[in-house]
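Quick notes on the structure that follows.
Quick caveat, the model's predicted, so the values are computed rather than measured. A note on names: the letters A, B, ... follow the listed sequences, proteins ahead of strands, and every chain is numbered from 1.
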Amino acid sequence: MSDAFDASHPIDLPDKPALEGLEDKWNARWQEAGTYRFDRSRPRAEVYSIDTPPPTVSGSLHVGHVFSYTHTDVIARFQRMRGRAVFYPMGWDDNGLPTERRVQNYYGVRCDPSLPYDPSFQPPDKPAKHPIPVSRPNFIALCDRLTAEDEKAFEDLWRHLGLSVDWSMTYATIDKRSQRVSQAAFLRLLARGIAYQIEAPTLWDIDFRTAVAQAELEDREQPGAYHRIRFGLAGQGMAGPPSQDPAGPSPRDSVGDGTRPTYVEVETTRPELIPACVALVAHPDDERYKPLFGKNVVTPLFGAEVPVKAHALADPEKGSGIAMICTFGDITDVTWWRELSLPVRAVIQPTGAFRPITWGQPGWESTDPARAQNAYDQLATLQPSKARAVIVEQLRQSGDLIGEPRPITHPVKFYEKGDRPLEIITSRQWFVKTMEFREQLLARGRELRWHPEYMRHRYENWVNGLTGDWCVSRQRFFGVPFPIWYPVRGDGGLDYARLILPDESRLPIDPSTDVPDGYSADQRGKPNGFAADPDVMDTWATSSLTPQVVSGWLADDDLFARVFPMDLRPQGHDIIRTWLFTSVLRAQLGHGTLPWTDVAISGFITDPDRKKMSKSKGNVVTPFSLLQEHGSDGVRYWAASARPGGDAVFDPAQMKVGRRLAIKMLNAARFALLQAEPRGPIREPLDRGMLTALARLVDECTGHLEAYDYARVLERTETFFWAFCDDYLELVKGRRYGDFGSEGAASANSAMLVALSTLLRLFAPFLPFVTEEVWSWWRPGSVHSSTWPTAAEVVASISGADEGALAVREATQGALAEVRRIKSLLKKPTKAVINKAVLPAAFSGLGPASRDFQAATHIRDLHFGDVTEPQLEFAEEPAA
RNA sequence: GGGCGCUUGGCUCAGCGGUAGAGCAUCGCCUUCACACGGCGGGGGUCAGUGGUUCGAAUCCACUAGCGCCCACCA
């Protein structure tokens with residue numbers, strides 16, 4: 001028996017159905033009934049688990065959130081109706097720099113780790129002009145306090161939007177669970193030698209004063225200039241006077257022909273790094289510079305002797321074809337430095353300022369130490385951009401600057417959240433090995449099912465382009481600390497070679513307040529005592545473990561076995577190289593598996609001018625006002641209309657369309673249920689044709705949703721629904737009221753109910769509120785707990801698919817359209833009756849079986865009269 | 001420099017081998033007994049360009065142009 005024939009539930013129709021208030025009404029009931037609660041008694045095969053992206057709660061609520069989370073919710077609701085136990089938790093990303101920055105601005109404070117904890121500290125009501133320094137524990141308490149408020153706002157939004165999340169399983173990336181998982185996973189990698197610590201050149205943000213990872217880089221076009229600098233040949237003293245040739249001598253003139261081999265010209269965009277120069281490099285095949293390989297040159301101003309080296313990475317086409325290697329100006333310098341075994345001459349400090357240097361000391365030899373010192377003293381303590389201006393003037397004075405700097409615009413590496421170009425600074429950092437797992441990671445990427453498929457390339461591109469292991473330590477405060485102490489040697493220095501590690505059972509710990517086993521608290525920082533590792537983990541070092549965190553790894557083995565590896569990771573394409581990549585890495589390293597089988601990528605929201613929406617443009621609309629204006633179903637309709645992975649235009653007009661669809665559903669359902677008796681066998685060809693078409697739609701929709709193509713399902717279902725309302729319901733209106741007897745009415749009523757039940761369930765994942773409302777008028781339980789419709793179920797209501805009736809439906813709808821067109825052209829009222837005899841064309845598609853118009857009831861449904869109205873017998877083709 | 005995606009009516013997009021589609025906008029008509037937060041109908045496109053495959057191409061292939069995104073060792 002189909003659902004539609006179960007008349008046990010009374011029909012209870014409102015007089016004037018409306019959308020207003022449905023969100024609050026149904027959210028309350030869903031929560032009360034536990035509609036979206038995860039049933040953890042079900043075996044893995046019956047579970048559908050989702051690795052929710054935890055939104056950054058310190059960021060603003062944005063329509064982009066609403067957009068992508070709706071996509072995931074559609075899938076979750078579909079899988080739930082398919083009978084899976086849906087594991088759909090929510091998480092909050094409250095870890096890391098964004099929160100620190102928000103807390104600093106919101107409360108007007110600054111973290112000073114050297115201060116002691118002040119239990120009575122309260123932030124001022126309004127942020128003070130100058131930031132108040134607070135201790136690290138106080139700062140973290142403020143982070144916790146503010147994120148709790150932010151999380152409440154997000155949860156309210158998600159509930160109002162109708163996300164079918166199980167709110168009992170919420171996690172945060174800074175909570176104890178996340179910390180424990182992050183620390184335990186790290187310690188296990190450490191034990192296997194996959195995590196390691198090394199002092200090495202690292203990407204460094206001089207404003208945040210922290211290391212950053214390759215994945216956090218972005219290029220920004222910056223104004224700069226090529227400076228042509230001359231380096232004298234060693235053994236000939238400092239370079240002689242500059243050339244009189246205004247264009248400057250070419251490198252060939254200066255070194256190649258032997259006539260004036262006194263200096264080499266080098267082009268650089270970072271002349272301030274000349275004191276950090278350790279070599280020059282040119283391509284091994286470059287004839288201009290071959291004679292110089294193995295010889296030394298002397299840096300201008302500082303008189304340091306540096307070798308000329310050959311390396312294939314040097315590009316003869318760039319600049320003068322020979323490059324200055326500094327420690328360190330850019331990533332290429334690091335490559336050259338490493339591969340050519342060059343020494344380090346570091347000038348930039350973690351603050352960005354040039355550090356004091358005494359020339360003439362070991363490592364800072366000069367042919368003229370006094371002159372070098374004099375030049376350098378003008379740079380010391382300056383920031384790089386200031387130092388550049390100073391040194392250019394010095395070079396100009398000394399005659400080592402050839403011509404004037406040539407302004408250019410070039411891409412420069414920035415930390416994605418930073419304001420000034422990255423520097424490369426040598427420091428002690430923690431790394432996780434990635435390079436040696438590249439092939440495994442590529443294989444996992446091929447194994448993963450991508451939606452849409454072409455997003456796979458982004459991942460492969462990234463993995464193939466990796467240049468080093470993953471730097472996971474950050475010199476920040478609000479993050480997961482490394483669970484590590486170091487012994488303090490007798491001389492007060494730290495013994496980095498001997499780590500003091502906590503037992504896994506103690507995790508999570510904060511080494512800056514917790515004491516390692518075997519030590520007492522008063523030994524902290526003392527000779528022969530211990531000291532904490534001061535760093536926190538990269539936010540991705542925690543986020544990469546969200547599958548393990550939500551699945552209860554290390555905490556709930558039973559849950560873990562039922563949900564991990566997970567089914568779905570939904571996320572944006574902008575974080576494939578970070579979140580997706582690191583998650584695949586961690587699952588591979590820790591579990592030897594993919595973290596999930598499928599990944600669904602969402603696009604961005606752009607404003608109508610095709611620009612990415614941004615706060616600075618003032619075009620950001622708050623999501624709540626949108627939900628209130630258009631209704632959650634209306635907004636969800638807009639979101640679900642966008643193709644998977646595609647960017648979408650912010651378009652309130654589409655939300656209005658969605659809202660109209662929801663209203664139409666209320667009214668169409670009301671019509672179908674208004675007079676639901678009599679009911680009986682569905683014998684009329686038009687009814688059977690409509691249901692046969694519906695069965696096909698159900699099959700199509702199920703397939704597309706299984707392939708994560710929600711947008712197509714919404715489009716097809718909507719198209720069917722409007723045809724159902726405008727054509728089918730209009731056609732059977734008279735019959736259902738008894739115009740052609742009770743059997744015809746019974747067929748129509750029964751068919752309408754089957755269709756309504758089926759359509760409500762097809763729409764339920766997209767428009768959860770209106771479908772639930774209508775469902776509640778006549779069906780028991782929640783539509784969201786009902787079973788997804790099947791073609792077989794629909795076809796069973798007519799005792800088998802009826803292909804012939806399909807043609808009847810199509811022809812009848814065609815005839816109806818023809819009749820309407822004629823009435824419209826003749827400006828006749830809709831209710832005007834037209835003589836069938838004047839419209840042979842309209843019936844030509846109905847086929848031989850329908851020749852006898854009087855006998856064919858589906859023709860009667862068209863309501864033709866026998867009255868001949870002369871003006872309807874037009875002489876010309878109305879279509880022409 | 002490498003990769004990916006996009007280019008269809010005024011706008012937003014679907015179609016992806018068989019005589020150009022939808023919604024919005026526009027114009028006209030209809031106060032129809034579920035719905036005026038409605039319904040019906042009309043007008044509007046040489047499917048970016050060039051070449052090729054095919055009986056047939058918006059749809060497949062190649063190249064070109066423009067737009068967008070990702071990546072890159074950017075002196």
With A/L280, which of A/L292, A/V266, A/I325 fulfils side-chain contact (heavy atoms from CB on, under 4.5 Å)? A/V266

Any strand counts, and the cut-off is 3.5 Å on both contacts for Watson-Crick or G-U wobble. Which nucleotide pairs with B/G1? B/C71

For B/G15, does either OP1 or OP2 sit under 4.0 Å from a side-chain N or O belonging to A/R712? yes

Against the side chain of A/N667, the closest entry in B/C37, B/C73, B/C35 is B/C35

I want to confirm an ordering. Mapping A/D727 and A/Y226 to their closest nucleotides on RNA chain B, which one lands closer to the 5' end? A/D727

Across the strands shown, which category fits A/W722 at heavy-atom distances under 4.0 angstrom: base, sugar-phosphate, nothing? sugar-phosphate

Distance, C1' atom - from B/A34 to B/G5, rounded to whole angstrom: 44 Å

Any strand counts, and the cut-off is 3.5 Å on both contacts for Watson-Crick or G-U wobble. Which nucleotide pairs with B/G9? none

Atom CD of A/E715 and atom C1' of B/G15 are separated, to the nearest Å, by 9 Å

Measure from the side-chain N and O atoms of A/R670 to the backbone N and O of A/D15, and report whether any donor-acceptor pair falls under 3.5 Å. yes

Taking the inter-plane angle between the rings of A/W638 and A/F650 on a 0 to 90° scale, is it parallel (under 30°), tilted (30 to 60°) or perpendicular (over 60°)? perpendicular

Report yes if at least one side-chain N or O of A/K733 is closer than 4.0 Å to OP1 or OP2 of B/A34; otherwise report no. yes

Closest to side chain of A/H573, choosing from B/A36, B/A34, B/C69: B/C69

Nearest-Å distance once atom P is located in both B/U7 and B/U12: 12 Å

So which nucleotide from B/A14, B/C24, B/A34 ends up closest to the side chain of A/R660? B/C24

What nucleic acid atoms does A/R577 come within less than 4.0 Å of, heavy atoms only: base, sugar-phosphate, or nothing? sugar-phosphate

Considering only atom P, compute the distance from B/A14 to B/U50 and round it to an integer number of Å. 24 Å

With both distances kept under 3.5 Å, what pairs with B/A14, Watson-Crick or G-U wobble? none

Base-pairing mate for B/U19 - Watson-Crick or G-U, with both contacts under 3.5 Å: none

Please examine the side chains of A/I229 and A/I402, heavy atoms only from C-beta on, and report whether any two atoms are closer than 4.5 Å. no

B/C6 and B/A48: how far apart are their C1' atoms, nearest whole angstrom? 11 Å

Please work out if A/D726 contacts a base, only the sugar-phosphate, or nothing of the nucleic acid, heavy-atom cut-off 4.0 Å. sugar-phosphate

What contact category does A/C725 fall into here, base, sugar-phosphate, or nothing, at under 4.0 angstrom with non-hydrogen atoms? base

Just call it for A/D333: base, sugar-phosphate, or nothing, with non-hydrogen atoms closer than 4.0 Å on any strand. nothing

Could you work out the separation of B/G44 and B/C16 based on their C1' atoms and round it to a whole Å? 24 Å

Whole-Å distance between B/G3 C1' and A/I576 CD1? 13 Å

note: A/Y637, atom OH; B/C24, atom C1'; distance rounded to Å ~ 10 Å

Test the A/R230-A/Y263 pair against the cation-pi criterion, namely NZ or CZ under 6.0 angstrom from the six-membered ring centroid and within 45° of the ring axis. yes

Give the ring-plane orientation class for A/Y710 versus A/H71, where under 30° counts as parallel, over 60° as perpendicular and anything between as tilted. parallel

Does B/C60 have a Watson-Crick or wobble mate here (both distances under 3.5 Å), and if so which one? B/G52

How long is the line joining NE2 of A/H410 and P of B/C74, in whole Å? 11 Å

With rounding to the closest Å, how many angstrom separate the P atoms on B/A22 and B/C61? 28 Å

CZ of A/F724 versus C1' of B/A34: gap in Å, rounded? 11 Å

Closer than 4.0 Å, any side-chain N/O of A/Y737 to the OP1 or OP2 of B/U32? no

NZ of A/K733 to CZ of A/F671: how many Å apart, nearest 0.5 Å? 5.5 Å

B/G38 -> Watson-Crick or G-U wobble partner, both distances under 3.5 Å, gives B/C30

Atom-pair distance (CH2 on A/W638; C1' on B/A22), nearest Å: 20 Å

A/K664 side chain: which of B/C35, B/C73, B/G3 is closest? B/C35

Roughly how many Å is it from CG in A/L466 to C1' in B/C70, rounded to a whole number? 14 Å

Go through the N and O atoms of the side chain of A/Q675 and the base of B/A34, and report whether any donor-acceptor pair is under 3.5 Å. no

Let's see if you can work this out: which of B/C24, B/A34, B/U12 has an atom nearest to the side-chain heavy atoms of A/A668? B/A34

Measure from the side-chain heavy atoms of A/Q654 and tell me the nearest of B/C73, B/G23, B/G3. B/G23

Identify whether NZ of Lys or CZ of Arg in A/R569 sits under 6.0 Å from the centre of the six-membered ring of A/W579 and within 45° of that ring's axis. yes

Should B/G45 form a Watson-Crick or G-U wobble pair with both distances under 3.5 Å, which nucleotide is its partner? none

Identify whether any heavy atom of A/T335 sits under 4.0 Å from a base atom; if not, whether one sits that close to sugar-phosphate; answer base, sugar-phosphate or nothing. nothing

Note: for A/R716 and A/I663 on RNA chain B, the residue whose nearest nucleotide lies more 5' is A/R716

Distance between P atoms of B/C40 and B/U31 (Å, rounded): 15 Å

A/L731 CG to B/U32 C1': how many Å, rounded? 14 Å

Choosing from B/C74, B/C24, B/C70, which nucleotide comes nearest the side chain of A/K318? B/C74

Looking across every strand, which nucleic acid part, if any, lies under 4.0 Å from A/A314 by heavy atom: base, sugar-phosphate, or nothing? base

Side-chain donor/acceptor of A/R345 to backbone N/O of A/T327, under 3.5 Å: no

From C-beta outward on A/W462, which listed nucleotide comes closest to its side chain: B/A72, B/A14, B/A34? B/A72

Between B/C33 and B/G41, how many Å separate the two C1' atoms, rounded to a whole number? 23 Å

Are any non-hydrogen side-chain atoms of A/Y226 and A/I408 less than 4.5 angstrom apart? yes

Nearest of B/G3, B/G39, B/A14 to any side-chain atom of A/N461? B/G3

Nearest to the side chain of A/L313, which nucleotide is it out of B/G38, B/U12, B/C73? B/C73

Do any side-chain nitrogens or oxygens of A/K413 fall under 4.0 Å of OP1 or OP2 in B/C73? yes

